Asker: 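This is the structure I want to talk about, given as structure tokens.
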Amino acid sequence: MSRFYITTAIDYANGDPHIGHAFEKIGADAIARVHRQLGHDVHFMIGMDEHGQKVAQTAAVAGVSEQAFVDEISTHFQEMWRSLQISNDQFIRTTSPQHKVGVQALIERIFATSPDAFYEKSYAGWYCVGCEAFKTDAEIVDGHCILHPTRELEWVQERNWFFRLSAYSDRLRALLDSNPHFCQPSSRRNEIIGLLDSGLEDVSASRSRNTWAVPFPRATSDGQQQSTYVWFDALPNYLTGTGFPDQAGWDTRWPAQLHVIGKDITRFHCVIWPAMLMAADLPLPERVWGHGFVLLGGERFSKSAGVKLDLGEAIARFGSDAFRYFLLREIPFDGDGSFSWERFGERYNADLANAFGNLASRVTSMIEKYNEGVIPAAGASDLETADLADFGDAASAMDGSRGYLLHEGLASIWKTVARANEYVQSSQPWALAKAPEQREELLQVLGTLGRSLARQAIAIAPFMPSKAQALWEALGAPGTVHTRPWPTLAAVDAAGWRVTKGAPLFPREESAT
RNA sequence: GGCAGGAUAGCUCAGCUGGUUAGAGCACGGCACUCAUAAUGCCGGGGUCGCGGGUUCGAGUCCCGCUCCUGCUACCA
């Protein structure tokens, strides 16, 4: 069984989860679930980034200790992920002892493996208070930061450990060139190649001011004990989560097959992270996928944008499954998309209530009325041939072979839903039921529809876990839908299952639009 | 400022190496059907394919210029 270690970015613990966090987890969860249904040995890890100056400051404002603060935030996140049915196998926190040990071990390993990789340097540069960051010449116009033209830049000096990132330019370029999958989608890859071509600068690996951090394992030459800078703390979580360096089996899980991240942190995952691993002589992750953002009124969700939309309210509106469906159907996983209540309502009624939920109702209802609730056996049909082609398209949109185009996968699955509704209309089972001599034809139609519904339940399982299982049970299918593998979709045999028409899967919402 | 990508129906988008009357979904209008969550199916209206030139027998599809939008432009994460 092939292994599939998938991670998301760890979320920064300076505020509660918002829809942007949720989009990434839901997308990664769907990918993890698809791979489980493809028969892979999946390990899905998410977590929290709990160190840093901002966390310390926010905790101070709240009047609690840093650890108490992140414990609380971390709990909120995990409760949210439970309500969204995120099927992570592990939840890592950077304040955990195992992670701290792992970070220091990784840094020491780099010192040992690549003695030139770290060096001390006094760094001085223009510091923008607005950005809380040093600015390069390219970002300074007329002596001001291009993002904060009204603020004065400060000249700041600090002595830190530096990582010789520039030494890895050629190897990184070779990695990107030889392995187009390493950084996807291609728009992100192009940006990284552009960055490499413009030349890499070394990056600092320690900080003197921040105290809420993993201690950098080596003091500077003047005896100062510094803290590990964010990317040397946060990025290694993917590695320390495996038990690196000393827990048995870590090297069978590492490297990760996929890092799912936001497009804004692509550079860190496609440049700094592989360079760190090269310096440590450790295997590189196979693929980094930079998804886009959920926009609201043209603006992206972010920590600074504030709570413009309550995540709990969005989930409560139509339920966790519908929320997952809406985000993954509406927002392309390789780009940005917009959230709006209007679209949510339209998609809920059009796609879920009218098209899919109603299809399930009419089919189960007819099987109950015309065949005492038993799904008849059915031979092959044109509908089946066309459906299997669409399910094949869906699989190829989601299995990584063309990237992770979850929105396209759902679109392909919904073609089969539309086809089934057309089939009901054109074959008119209610008319066939009135003519005893057309009994065989009626059974063929009902059997075809029952089997189609069973396949749809399997196909939507990664996206809407609860509703897929509810439909599975309404069809009288055995076991759980989540263990039904995609590759056997063609062989699904629903003959003999006893259906039960229950409450509507997705009750139509009159006030939705 | 530099680099990259984009501008196609009311909305979200497909249109591969240029070739008959430019497509889909949603929204909107009409008709049909009754198994179904007044759901479904069929038909229809609606686009000077950002603007201006050019290449070509022929351009949404190639070239040049212009306008507008988006992303990246390294140590907040």
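Source: prediction; values computed, not measured. Order of the sequence lines fixes the chain letters, A, B, ..., with proteins taken first and strands second; residue numbering starts at 1 for each chain.
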Asker: May I ask you to decide whether A:E346 forms a salt bridge with A:R343, counting only side-chain N to carboxylate O separations under 4.0 Å?
Answerer: yes
Asker: Excluding sequence neighbours, so at least two apart, what forms salt bridge (Lys or Arg N to Asp or Glu O under 4.0 Å) with A:E408?
Answerer: A:R402
Asker: Salt bridge check: are A:D202 and A:K121 linked by an N-O gap of less than 4.0 Å?
Answerer: no
Asker: Just checking A:I192: base, sugar-phosphate only, or nothing, at a heavy-atom cut-off of under 4.0 Å?
Answerer: nothing
Asker: Let me know, please, whether A:W430 or A:F356 comes out on the 5' side of the other along RNA chain B by nearest nucleotide.
Answerer: A:W430
Asker: Using whole Å, what does the distance between atom P of nucleotide B:A77 and atom NE2 of A:H18 come to?
Answerer: 15 Å
Asker: For the residue pair A:T94 / A:H99, report whether a side-chain donor-acceptor contact shorter than 3.5 Å exists.
Answerer: no
Asker: Please tabulate, one pair per line, each protein N/O and nucleotide N/O from nucleotides 29-32 of chain B that are separated by under 3.5 Å, including the distance.
Answerer:
none

Asker: Any side-chain heavy atom of A:E384 sitting closer than 4.5 Å to one from A:S452?
Answerer: no
Asker: From the set B:A77, B:A39, B:A74, return the single nucleotide nearest to any side-chain atom of A:N358.
Answerer: B:A39
Asker: Tell me which residues in residues 405-416 of chain A lie within less than 4.0 Å of RNA chain B, going by non-hydrogen atoms.
Answerer: none
Asker: Using a strict threshold of under 4.0 Å (side-chain N to carboxylate O), is an ion pair present between A:R188 and A:D334?
Answerer: no
Asker: With a 4.0 Å heavy-atom cut-off, tell me which residues in residues 497-508 of chain A come close to RNA chain B, sorted by residue number.
Answerer: A:K501, A:P504, A:L505, A:F506, A:P507, A:R508
Asker: Nearest whole angstrom, please: distance from the P of B:G2 to the CG of A:D197.
Answerer: 18 Å
Asker: Pick the C1' atom in B:G10 and in B:G47, then give their distance to the nearest Å.
Answerer: 11 Å
Asker: Going by an N to O cut-off under 4.0 Å, is there a salt bridge joining A:R164 and A:D116?
Answerer: no
Asker: Pairs under 3.5 angstrom, nitrogen or oxygen only, protein versus nucleotides 22-28 of chain B, please.
Answerer:
| unit_1 | atom_1 | unit_2 | atom_2 | d |
| --- | --- | --- | --- | --- |
| B:C26 | O2' | A:E346 | OE1 | 3.3 |

Asker: Quote, to the nearest angstrom, the C1' distance that separates B:C35 from B:G46.
Answerer: 34 Å
Asker: Ignoring hydrogens and geometry beyond distance, is a side-chain donor-acceptor pair present between A:Q456 and A:T416 at under 3.5 Å?
Answerer: yes
Asker: Does NZ in A:K415 sit with more than 12 non-hydrogen atoms of other residues, nucleotides or ligands closer than 6.0 Å?
Answerer: no
Asker: If we take the P atom in both B:A32 and B:A14, what is their distance in whole Å?
Answerer: 38 Å
Asker: Separation of A:W273 atom CH2 from B:A77 atom C1', in whole Å?
Answerer: 17 Å
Asker: For RNA chain B, which consecutive runs of 3 or more Watson-Crick or G-U pairs (each distance under 3.5 Å) count as stems?
Answerer: B:1-7 with B:67-73, B:10-13 with B:23-26, B:28-32 with B:40-44, B:50-54 with B:62-66
Asker: Answer with yes or no whether the side chains of A:Q78 and A:S74 bring together a donor and an acceptor at under 3.5 Å.
Answerer: yes
Asker: Which residue, A:E191 or A:P332, contacts RNA chain B at a nucleotide closer to its 5' end, judged by nearest heavy atom?
Answerer: A:P332
Asker: Say we look at B:U61 and B:A7: how far apart would their C1' atoms be, to the nearest angstrom?
Answerer: 15 Å
Asker: B:C35 C1' sits how many Å from A:Y423 OH, rounded?
Answerer: 14 Å
Asker: Measure the distance from CZ on A:R188 to P on B:U73 and round it to the nearest whole Å.
Answerer: 10 Å
